[in-house]
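Atoms considered below: every heavy atom in the structure, side chains included; atoms not considered: hydrogens, waters and symmetry mates.
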Amino acid sequence: MLDQNLKNQLAQYLDMLKTEVTIGLSVTNDEKSDKVRGFVEDVASLSDKITVVEKDLAYTPAFELKGVFDHGQIIFAGVPLGHEFASFALAILQVGGIAPKIDEGTKKRIQAIEDLQNLETIVSLSCHNCPEVVQSFNIMAVLNPKINHTMIEGSMFQEIAEDRDVLAVPAIFKDGEFLEGGKQTMDSLLELIGSKKSSDDFADKPAFDVLIIGGGPAAATAAVYAARKGVKTGLVASEFGGQVVETLGIENIPGFKYTEGPDFMANMKEQVTALGVDVMTGALASDIKEAENSSNKLIEVELDNGAKLESRTVVIATGARWRLLGIPGETEFRNKGVAYCTHCDGPLFKGKPVAVIGGGNSGIEAAIDLAAMVDHVTVLEFLPELKADQVLQDKLYSLDNVTVIKNAQTTGLYGDSRLERLEYTDRESGEEHSLEVEGCFIQVGLVPNTEWLKESDVELTDRGEILVDGEGKTSLEGVYAAGDATNTVFKQIVIAAGSGATAALGAFNYLMRN
């Protein structure tokens, strides 16, 4: 089942096992069971600390990992290969005595959960957002016996995915009922199951020299530059990674012929934490102003959980998110046919007709990607011509299962329990059209995450972007900004990172002068 390279890689991991691990195998005599049995037998052959026993589980084929200590159920329904191989390797090490690598505060939050949690995550093995959910829930199960988690491979258990109307992954269920879908972090998952991060988690923080708001490449680069100047640096964000972690293939960062968004941001986080930056996640900034009664001209940042942080300077790098069309069905059918990530959700539409809304680079790249998986792709572009680079257009028009409709204004997405059709108006003739689709990938640009600044003294453009000068300086003294949240013309990773460096250096110069 496992090729020799994977066996060699896994054998090195299994040498680290400290205690015995029992794999409870639930299989029958069909082809799918043969795959799961072959996987488990290959794994067991690599370590004398692993024992395989037969066990009746809720799903077949599946297997359970059990250590010698009391912990929750950790079950893999299907074969955890692809992006989930790392989830399996980490889980078997953790039940085998290797402590999960999480901070003490997160560990306490997990162990404080008292209600029984029966959680399931339906995944695609090609989804790069799924492993973080699977690994986070597995860690929770390792640390708290009241938390049980099952990973369900969507392609092997397609009937379950269809019965539950799963058209986007990861799809999280509790007690068989849909809970949430899409990209998640440990913090957001803990909040999802009832463990809120209170203001106490941010209490007693001394004033920073530079406080960065945001977790993407602009924020991370600003943190690196500030910390290397030897000033006290903090970073606060809902999560670390930003939009980049939803990007699979990246080929335009100098020095990297190819990298993937999650790996790139994981390396940035490692660099940031190694420099001693106080990384605070699980909360969003809700207000920024000059601190009252402050003799040191401090800036106060209020968080959405009521906590308040103070700093001599602030760098705002809150990034941007996918723009909504504002049409009927757009939010109602999210995860029920409306999607954004082709790498994650594309395989769920195999053999089905889908639409892509947007003719820029992102839209055309999505269409090309989908064309290799689905029955037919229809691209709808609002303008008379596509906006994507010519090389992408040439590739698109070479595909025989793609249709491009220009001057198309999408007016609504409709269906019963899931998306069934898209309606649009021809902007030249005024004629209305209906298109039968089972999936719709929306790629119409970004909107800055700056709503929380509208009542502040930070000046915004009419598009909601933060106005900055050549140093990244905003209209509020001591406050700088960087990345996609600003009025920079181009929204690119390298440009965001560069502007993060500029803003951090601008903030440092301000500290030197004041």
Side-chain angles (χ1 to χ4, degrees), residues 122-130 152-155 157-172 178 180-183 246-248 321-382 386 388 392 396 399-405 408-424 433-445:
I122 297 180
V123 306
S124 165
L125 299 183
S126 63
C127 169
H128 60 281
N129 287 328
C130 294
I152 302 173
E153 183 197 337
S155 61
F157 291 87
Q158 193 167 3
E159 69 283 359
I160 293 177
E162 291 177 354
D163 288 345
R164 298 186 185 183
D165 290 332
V166 173
L167 291 174
V169 289
I172 302 165
F178 180 74
E180 188 56 90
K183 180 181 174 295
E246 298 183 24
T247 304
L248 187 57
R321 63 188 183 278
W322 292 114
R323 185 182 298 277
L324 297 177
L325 293 168
I327 60 173
E330 183 176 21
T331 57
E332 293 87 342
F333 291 108
R334 184 163 187 172
N335 299 327
K336 302 295 181 183
V338 173
Y340 298 87
C341 176
T342 60
H343 302 295
C344 297
D345 303 328
L348 298 172
F349 297 91
K350 184 178 180 180
K352 299 175 181 179
V354 303
V356 172
I357 301 176
N361 284 347
S362 296
I364 302 310
E365 286 172 354
I368 294 169
D369 189 19
L370 287 165
M373 296 179 270
V374 305
D375 176 61
H376 192 85
V377 181
T378 302
V379 177
L380 295 101
E381 166 56 43
F382 183 83
L386 299 180
L392 292 175
L396 181 76
L399 303 173
D400 58 10
N401 65 335
V402 175
T403 300
V404 177
I405 303 175
Q409 181 175 357
T410 307
T411 56
L413 301 166
Y414 302 96
D416 290 327
S417 61
R418 59 173 67 185
L419 179 64
E420 296 173 3
R421 74 182 190 279
L422 175 153
E423 294 185 0
Y424 71 93
H433 299 270
S434 180
L435 183 68
E436 291 187 1
V437 293
E438 295 186 42
C440 180
F441 290 77
I442 301 174
Q443 305 282 319
V444 292

Are any non-hydrogen side-chain atoms of [X] and [Y] less than 4.5 angstrom apart?
{"X": "H376", "Y": "N401", "result": "yes"}
{"X": "L422", "Y": "I357", "result": "yes"}
{"X": "V437", "Y": "V354", "result": "no"}

### Query
Of the options V169, V166, D345, N129, which is the one that meets S124 in a side-chain contact (heavy atoms from CB on, under 4.5 Å)?
V169
Please find the pair of heavy atoms, one from [X] and one from [Y], that lie closest to each other, and give the distance.
{"X": "G329", "Y": "V338", "value": "O-CG2, 4.0 Å"}
{"X": "G359", "Y": "I364", "value": "O-CG1, 3.7 Å"}
{"X": "V379", "Y": "G358", "value": "CG1-O, 3.9 Å"}
{"X": "L380", "Y": "A408", "value": "CD2-CB, 3.9 Å"}
{"X": "Y340", "Y": "Q443", "value": "O-NE2, 2.7 Å"}
{"X": "G346", "Y": "L370", "value": "CA-CD2, 3.8 Å"}

### Message
Taking atom CD as the centre, does E436 end up with more than 12 heavy-atom neighbours from other residues, nucleotides or ligands that are less than 6.0 angstrom away?
### Response
no
### Message
With side-chain contact (heavy atoms from CB on, under 4.5 Å) as the criterion, how do V377 and L399 come out once you've worked through the C-alpha distance, each side chain's angles and the decisive distance to 0.1 Å?
### Response
CA-CA 10 Å; V377 181; L399 303 173; over 6 Å; no
Once rounded to the nearest 0.5 Å, what's the spacing between atom [atom1] of [X] and atom [atom2] of [Y]?
{"X": "E420", "Y": "F333", "atom1": "CD", "atom2": "CZ", "value": "7.0 Å"}
{"X": "Y414", "Y": "E423", "atom1": "OH", "atom2": "CD", "value": "5.0 Å"}
{"X": "I327", "Y": "Y424", "atom1": "CD1", "atom2": "OH", "value": "13.5 Å"}
{"X": "T410", "Y": "L325", "atom1": "OG1", "atom2": "CG", "value": "6.0 Å"}
{"X": "K336", "Y": "L413", "atom1": "NZ", "atom2": "CG", "value": "15.5 Å"}
{"X": "T342", "Y": "D369", "atom1": "OG1", "atom2": "CG", "value": "3.5 Å"}

